[in-house]
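Each remark here refers to the structure printed beneath this line.
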Amino acid sequence: MKTKEEFTAACQALGKNDPRHTRLNLVEYGSLLDRKRVQQVVQALEKNTFVEDLTLSEDLCVHSTLQFNHFLKTSPSLRHLKMRGKKQGTKKEELKESIMKSSIVFESISRSSLLVKLSLQDVVLGEDCPLEGFLSSTLTLLEFSYSYSTMTHQVAQAIGSGLAKNKSLVKLVWCVHEGVEFLEQILFGLFDHTSL
């Protein structure tokens, strides 16, 4: 994990729009990412035109995730977004929070005209899977990576439907940690894909 000093230095470099800082991995800061520090990162990114690769940490709360909304929508440089979720327990509050965070992110990136790569790891998707709409409508996404431990039938159908309507993807990376539940729903969406 990185230190407070490294965090401060990274925020300063991002705020000064340093062209050498094209990557920001929030996972590296772990428990340092309280609301105040998230706000510092968001402010540093406001005028940044060089960050191409952003990794959102599983430790971000809903409020913190929401603060990245503007950057995800309007960044003139963001090309690769990685989002990590926690391997979920059975608590309803945890599931609800994870679903809210993923919804915020998908709504935000749906406005991006530059995003070419999306990587999701253990991200929980709700019954109204927002990923379907994003996959259906994106014109820029070339590569999609998805890694998960559990999935519902409804989510698999939604992703399959989004992939079936997608016109931009050229690469799909699909990793399943346990079992292959509902994989046929995903494969069904790939049968008529024009470029995969």
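- Using a distance-only test at 3.5 Å, with no hydrogens or angles considered, no donor-acceptor pair links the side chain of Thr140 to the main chain of Val116.
- Salt-bridge annotation for Asp18 and Lys16: absent, with no side-chain N of the basic residue lying under 4.0 Å from a carboxylate O of the acidic one.
- Using cut-offs of 30° and 60° on the angle between ring planes, the pair Trp174 and Tyr146 is tilted.
- Not a single donor-acceptor pair under 3.5 Å links the side chain of Ser161 to the backbone N or O of Gln157.
- Other residues, nucleotides and ligands contribute over 12 non-hydrogen atoms within 6.0 Å of the CG atom of Asn17.
- Distance check, rounded to the nearest 0.5 Å: CD1 of Ile104 to CE of Met83 gives 8.0 Å.
- For the pair Ser75 (side chain) and Leu72 (backbone), a donor-acceptor distance under 3.5 Å is absent.
- For the pair Arg23 and Glu28, the salt-bridge criterion is met [side-chain N within less than 4.0 Å of a carboxylate O].
- The CG atom of Asp59 lies 10.0 Å from the CG atom of Leu26; values are rounded to the nearest 0.5 Å.
- For the side-chain contact (heavy atoms from CB on, under 4.5 Å) with Leu56, the qualifying choice from Asn25, Leu81, Val123, Val27 is Leu81, the only one to do so.
- Between Arg79 and Glu52, none of the side-chain N atoms (NZ, or NE/NH1/NH2) sits under 4.0 Å from a carboxylate O, so this pair counts as no salt bridge.
- Here the side chain of Asn69 pairs no donor or acceptor atom with the backbone of Ser108 at under 3.5 angstrom.
- The backbone N or O of Phe134 sits nowhere less than 3.5 Å from a side-chain atom of Thr138 that would complete a donor-acceptor pair.
- Distance check, rounded to the nearest 0.5 Å: NZ of Lys82 to OG of Ser145 gives 9.5 Å.
- Between the side chains of Ser77 and Asn48, no donor-acceptor pair is found at a separation under 3.5 Å.
- The backbone N or O of Val124 sits less than 3.5 Å from a side-chain atom of Ser102, completing a donor-acceptor pair.
- In the displayed structure, Lys47 atom NZ is contacted under 6.0 Å by at most 12 heavy atoms of other residues, nucleotides or ligands.
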